[in-house]
Undergrad: 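Structure in structure tokens, see below.
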Amino acid sequence: MASLLRRLARPTVLIPVSIPVGLYAFAKLNPEKTKAFNKRAFAWGMSRTKAWGEKGLGPLKQDIFSGLKEQDTVGPLQVLEIGAGGGANFKYFPPGTSVIAVDPNPHFDQYLKESSGEYPHVKVTKFVVAGAENMADVAEGSVDAVVCTLVLCSVQNIDAVLGEVKRVLKPGGKFYYLEHVRHPTLERAQYIQELLNPVFNALADGCNLNRETWKHVDSAGFADVKYKIHGDIRPKFLTQILYGTATK
């Protein structure tokens with residue numbers, strides 16, 4: 001025991017451990033300040049790390065978003081993106097796509113406008129500050145597709161979000177999703193996810209590592225559901241990626 005304590009007391013161990021523990025303690029003691037800071041910092045960070053985030057997810061996005069080009073639409077493709085962030089997904093959208101961006105974080109509006117020159121083939125027609133559980137400002141049956149990537153991990157109610165997705169989709173419209181989820185089979189990975197979940201939830205804008213999102217999609221009442229779970233991105237206990245489509 002004494003030798004173990006001596007090893008844990010080394011700076012190379014204490015510093016990496018103490019930083020997240022200290023941040024977690026501050027977040028618990030100052031929830032409102034932390035929430036306000038996290039929203040602004042999260043928007044800034046996500047807009048600045050778009051290219052890095054695409055390294056592992058890019059091929060998966062190309063796979064599912066290829067379906068956008070194949071959709072039959074009257075006029076330009078109408079897409080609603082939940083959690084559009086800084087527009088990282090826009091490069092996968094077909095030319096002429098019109099986008100309604102929905103996000104509870106108002107700071108993303110600034111970064112979407114800043115990055116508009118990167119995606120001249122896409123036009124953001126509306127930015128709605130709202131949670132995905134209640135998108136009342138978006139008309140029923142008004143969009144051809146709903147896109148949602150790395151968002152359902154942090155919403156308050158997945159089933160309510162999926163209900164809103166179905167409401168705003170036109171008949172035959174498609175929901176395109178890509179989410180990190182609980183490891184479907186490996187108990188050791190599940191244990192680590194459960195252990196780290198409170199820290200991620202407090203520091204990463206409400207992110208949860210342990211959601212079984214595929215079960216919610218299966219039971220949401222879509223006419224056709226297709227998905228895969230990809231587990232080849234490291235660290236594997238954090239990046240089990242669920243991606244696919246669901247047709248209204």
Side-chain angles (χ1 to χ4, degrees), residues 57 59-85 87-104 108-109 112 119-181 211-230 241-248:
L57 299 178
L60 306 185
K61 289 184 178 183
Q62 287 178 342
D63 185 8
I64 59 168
F65 291 147
S66 63
L68 289 169
K69 300 175 183 178
E70 302 168 2
Q71 282 196 231
D72 293 327
T73 62
V74 178
L77 181 70
Q78 304 287 332
V79 172
L80 182 150
E81 181 164 7
I82 301 171
N89 291 330
F90 289 178
K91 66 180 180 180
Y92 303 102
F93 294 178
T97 300
S98 294
V99 176
I100 299 172
V102 176
D103 202 297
F108 275 119
D109 189 23
L112 271 181
Y119 314 105
H121 66 291
V122 173
K123 182 180 180 181
V124 179
T125 58
K126 191 175 185 180
F127 185 90
V128 179
V129 180
E133 293 90 347
N134 183 6
M135 300 186 289
D137 287 343
V138 182
E140 182 175 346
S142 61
V143 298
D144 302 300
V146 174
V147 168
C148 179
T149 62
L150 304 180
V151 170
L152 296 179
C153 60
S154 58
V155 299
Q156 297 297 314
N157 187 322
I158 296 179
D159 294 328
V161 173
L162 296 177
E164 280 289 88
V165 169
K166 287 177 60 183
R167 182 184 68 80
V168 302
L169 279 173
K170 297 176 182 178
K174 286 193 173 184
F175 175 43
Y176 297 81
Y177 52 94
L178 182 151
E179 301 289 337
H180 70 83
V181 294
R211 289 190 169 176
E212 298 176 322
T213 304
W214 65 91
K215 294 182 179 181
H216 297 270
V217 178
D218 277 335
S219 62
F222 287 99
D224 184 48
V225 174
K226 298 176 181 177
Y227 58 75
K228 301 175 184 177
I229 297 181
H230 180 82
I241 303 296
L242 170 77
Y243 68 106
T245 61
T247 305
K248 180 175 176 178

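Source: prediction; values computed, not measured. Position 1 is the first residue of the sequence; numbering continues from there.
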Undergrad: Do Trp214 and Val225 come within less than 4.5 Å of each other through their side chains, counting heavy atoms only?
TA: no
Undergrad: Hey, what do you get for NE2 (His230) to CG (Leu60), rounding to the nearest 0.5 Å?
TA: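 If I round to the nearest 0.5 Å, the distance is 5.0 Å.
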Undergrad: Do Glu133 and Val155 have side chains that approach each other closer than 4.5 Å (heavy atoms only, starting at C-beta)?
TA: yes
Undergrad: Side chains of Leu150 and Leu57: does their closest heavy-atom pair fall under 4.5 Å?
TA: yes
Undergrad: What are the two closest heavy atoms between Ile64 and Tyr177, and how far apart are they?
TA: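 Ile64 and Tyr177 have their closest heavy atoms at CD1-O, 3.6 Å.
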Undergrad: Grab the two heavy atoms, one from Phe175 and one from Cys148, that are nearest each other, plus how far apart they are.
TA: CE1-CB, 3.6 Å
Undergrad: Quick check: do Phe90 and Leu112 have side-chain heavy atoms less than 4.5 Å from each other?
TA: yes
Undergrad: Can you tell me if Thr125 uses its side chain to pair, donor with acceptor, with the backbone of Val99 under 3.5 Å?
TA: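 The answer is yes, because a donor-acceptor pair under 3.5 Å joins these two groups.
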Undergrad: Evaluate the side-chain proximity of Ile100 to Val168: yes if any heavy-atom separation is below 4.5 Å, no if none is.
TA: no
Undergrad: As a test of understanding, state which of Val165, Ile158, Leu162, Asp159 forms a side-chain contact (heavy atoms from CB on, under 4.5 Å) with Val217.
TA: Leu162
Undergrad: If you round to the nearest 0.5 Å, how far is CD1 of Ile229 from CD1 of Ile241?
TA: 10.0 Å
Undergrad: Ring-plane angle category for Tyr119 and His121, please: parallel below 30°, perpendicular beyond 60°, tilted otherwise.
TA: perpendicular
Undergrad: Could you go through the side chain to side chain contact (heavy atoms under 4.5 Å, CB included) check for Glu81 and Asn89 one step at a time?
TA: CA-CA 9 Å; Glu81 181 164 7; Asn89 291 330; 2.6 Å; yes
Undergrad: Would you name the heavy atoms of Lys248 and Arg167 that are closest together and state the gap between them?
TA: NZ-O, 4.0 Å
Undergrad: Would you say Leu169 and Lys174 make side-chain contact, with heavy atoms under 4.5 Å?
TA: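 The answer is no; the side chains never approach within 4.5 Å.
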Undergrad: How long is the gap from OG1 on Thr97 to CG on Leu68, to the nearest 0.5 Å?
TA: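 Output value for this atom pair is 7.0 Å.
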Undergrad: Just verifying a value: how many Å separate Gln71 CD and Gln78 CD, rounded to the nearest 0.5 Å?
TA: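 With rounding to 0.5 Å, CD (Gln71) is 11.5 Å from CD (Gln78).
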Undergrad: Should His216 and Val161 count as side-chain neighbours, where that means a heavy-atom distance under 4.5 Å?
TA: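 Side-chain contact under 4.5 Å: no.
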Undergrad: For Phe65 and Phe93, take the angle between the two ring planes, folded into 0 to 90°, and tell me which bin it lands in: parallel under 30, tilted 30 to 60, perpendicular over 60.
TA: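 Phe65 and Phe93: perpendicular rings.
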Undergrad: Provide the closest heavy-atom pair for Asp103 versus Ala84 in the form atom of the first, atom of the second, distance.
TA: OD2-N, 4.0 Å
Undergrad: Does Tyr243 reach the main-chain N or O of Asp63 with its side chain, forming a donor-acceptor pair under 3.5 Å?
TA: no
Undergrad: Is the shortest heavy-atom distance from the side chain of Glu164 to the side chain of Ile82 under 4.5 Å?
TA: no
Undergrad: Using 0.5 Å steps for rounding, measure from the CG atom of Leu80 to the CG atom of Asp144.
TA: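 So the CG of Leu80 and the CG of Asp144 are separated by 11.0 Å.
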Undergrad: Tell me if a side-chain donor or acceptor on Glu179 pairs with a main-chain N or O of Val151 at a distance below 3.5 Å.
TA: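 Confirmed, Glu179 side chain pairs with Val151 backbone.
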Undergrad: Within the supplied structure, the quantity of interest is the number of heavy atoms (other residues, nucleotides, ligands) at a distance under 6.0 Å from Asp72 CG; does it exceed 12?
TA: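 No, not enclosed.
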Undergrad: For Gly96 versus Pro76, what's the shortest heavy-atom pair and its separation?
TA: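 So the minimum-distance heavy-atom pair works out to O-CB, 3.4 Å.
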Undergrad: Is a side-chain donor or acceptor of Lys61 paired with a backbone partner of Thr149 at a separation under 3.5 angstrom?
TA: no
Undergrad: Quick check: are there more than 12 heavy atoms from other residues, nucleotides or ligands sitting under 6.0 Å from CD of Gln62?
TA: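 It does: Gln62 CD has more than 12 such atoms within range.
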